[in-house]
Amino acid sequence: MPRPSLFDRLAEQHAERARRSLVRRLRVVEAADGAYVTLGGKRLLNFASNDYLGLAQHPAVRDALIGAALQWGVGATAAPLLGGRRDEHAALEDALARWTGRERALLFTDGWAANLGTIAALIGHDDVCVEDKLNHASLIDATRLAGCELKRFRHADVDGARRQLESTPGPVAMVATDGVFSMDGDIAPLVDLAALCRAEQATLMVDDAHGLGVLGPEGAGSVAEASLTQDDVPILMATLGKALGVAGAFVAGSAALIDALVQDARTFVYATATPPALASAARAAVDVARFEGWRRDRLARVIAHFRGAAAARGLALLPSRTPIQPLIIGASDDALAVAAKLEDAGFYVPAIRPPTVADGAARLRIALTALHSGNDVERLVDAVARALA
Ligand SMILES: *Cc1c(COP(=O)(O)O)cnc(C)c1O
């Protein structure tokens with residue numbers, strides 16, 4: 001038998017994907033202003049943005065970026081341990097630690113780097129990591145990189161997590177969960193998971209990419225909303241590219257945790273530091289997110305308005321009180337068809353298909369932001385109801 005060809009295999013995989021309506025299509029946004037994007041020459045009301053508070057175009061955030069770029073230039077020029085660290089990075093870490101009520105924080109270039117680097121630095125071949133089935137891909141892949149045993153539990157099922165921990169009493173154990181689930185919008189049972197971890201001497205890690213800025217007092221996130229301290233959730237991770245409207249990520253926790261990551265997190269040690277101007281922009285965004293509470297109030301009104309209007313039209317929503325409001329369609333080709341109809345009607349709501357979500361659970365992931373108005377969501381709900389009719 002001759003050796004199979006890599007590109008022949010890619011062609012077969014592509015054909016199979018196309019047959020199942022699973023081809024992903026990379027599109028370019030031609031303009032972005034407020035809640036609108038222009039795609040394919042058409043201006044669309046955007047319901048796909050994770051910029052929940054509308055900070056990506058905020059003047060203070062933009063000015064911070066420009067000001068720091070004028071001072072520092074663009075690139076950090078080196079890894080943080082080898083001359084790439086600026087006071088912009090330290091100041092941002094301090095602000096993030098204060099905001100989240102943690103002793104210290106450490107910046108990573110993005111959320112993938114934070115999760116891969118952190119989990120692989122802390123646990124290894126002899127250990128176990130227990131994860132919710134709907135956790136973000138980066139948390140799942142991190143356990144592969146760490147080489148530890150991965151045990152998964154049914155979504156939000158704390159008893160399932162308990163059984164997994166009890167079945168492996170020997171090794172050091174970590175339990176990792178999303179704070180807000182990125183494709184479902186629901187919030188993890190954090191209080192019960194923290195109690196379980198305490199009882200089982202496991203260490204809880206929460207990825208709050210979609211909770212930071214949105215939930216809790218001053219937007220400090222799902223963990224703060226649940227009144228969980230650094231002792232309850234020793235490893236808190238969140239990104240700066242969602243509600244903060246910038247880019248990057250951080251891990252927050254004890255000085256001992258951060259010291260360990262500075263030594264051993266390979267995605268921190270061996271990566272060029274975040275551009276200082278981005279750190280400066282993120283710090284400005286933290287201030288706005290934290291202290292302009294009206295943005296969260298407005299977002300809450302938009303979410304309530306959407307859920308009320310959708311219920312009135314008989315749309316089947318999931319139990320989410322966050323900006324992520326999925327509408328399950330089922331088959332991938334149906335979800336694509338509904339998304340296309342919405343685009344024709346002036347709305348950008350892309351279809352989310354397997355393997356991002358389970359087979360048969362393709363959906364519209366409607367993301368609401370403080371940039372939307374009551375009228376915007378009324379029009380969306382109306383268009384969705386018509387597209388489904
Ligand atoms: C977006 C996301 C990440 C990845 O963060 P990036 O900064 O975009 O790499 C990690 N975890 C969750 C839950 C996310 O939603």
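If you're wondering where the values come from, they're calculated on a predicted model, not measured in any experiment. Counting starts at 1 for both ligands and their atoms, in listed order. Counting from 1, the numbers follow the sequence of the chain as shown.
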**OP:** Mind checking whether A209 contacts ligand 1 via backbone (N, CA, C, O), side chain (CB onward), both or neither, at a 4.0 Å heavy-atom cut-off?
**Re:** side chain

**OP:** Only counting residues at least two apart or in another chain, list the ones meeting salt bridge (Lys or Arg N to Asp or Glu O under 4.0 Å) with E88.
**Re:** R283

Subject >> Between R295 and H58, a side-chain donor and acceptor under 3.5 Å >> reply: yes

Original post:
Looking at residues at least two apart in the chain, or sitting in another chain, which of them share a side chain to side chain contact (heavy atoms under 4.5 Å, CB included) with A105?
Top reply: E93, L96, A97, F250, A252

Original post:
Does the side chain of H155 come under 3.5 Å of the side chain of D132 through a donor N or O and an acceptor N or O?
Top reply: yes

Original post:
Under a heavy-atom criterion of less than 4.0 Å, does S138 contact ligand 1?
Top reply: yes

Original post:
Which atoms of ligand 1 have any heavy atom of H210 under 4.0 Å away?
Top reply: 14 (C), 15 (O)

Original post:
Centroid-to-centroid, F181 to H210, below 6.0 Å?
Top reply: no

Original post:
Is D110 touching ligand 1 with its side chain, its backbone, both, or neither, if touching means heavy atoms under 4.0 Å apart?
Top reply: both

**OP:** Would you tell me which option among A238, G111, S182 has the nearest heavy-atom contact to atom 9 (O) of ligand 1?
**Re:** G111

Subject >> Among D232, D192, D231, the one residue meeting salt bridge (Lys or Arg N to Asp or Glu O under 4.0 Å) with R198 >> reply: D232

Original post:
Does any N or O atom in D207 lie less than 3.5 angstrom from one in ligand 1, N or O only?
Top reply: yes

Original post:
Between K242 and ligand 1, does any nitrogen or oxygen pair lie at a separation below 3.5 Å?
Top reply: yes

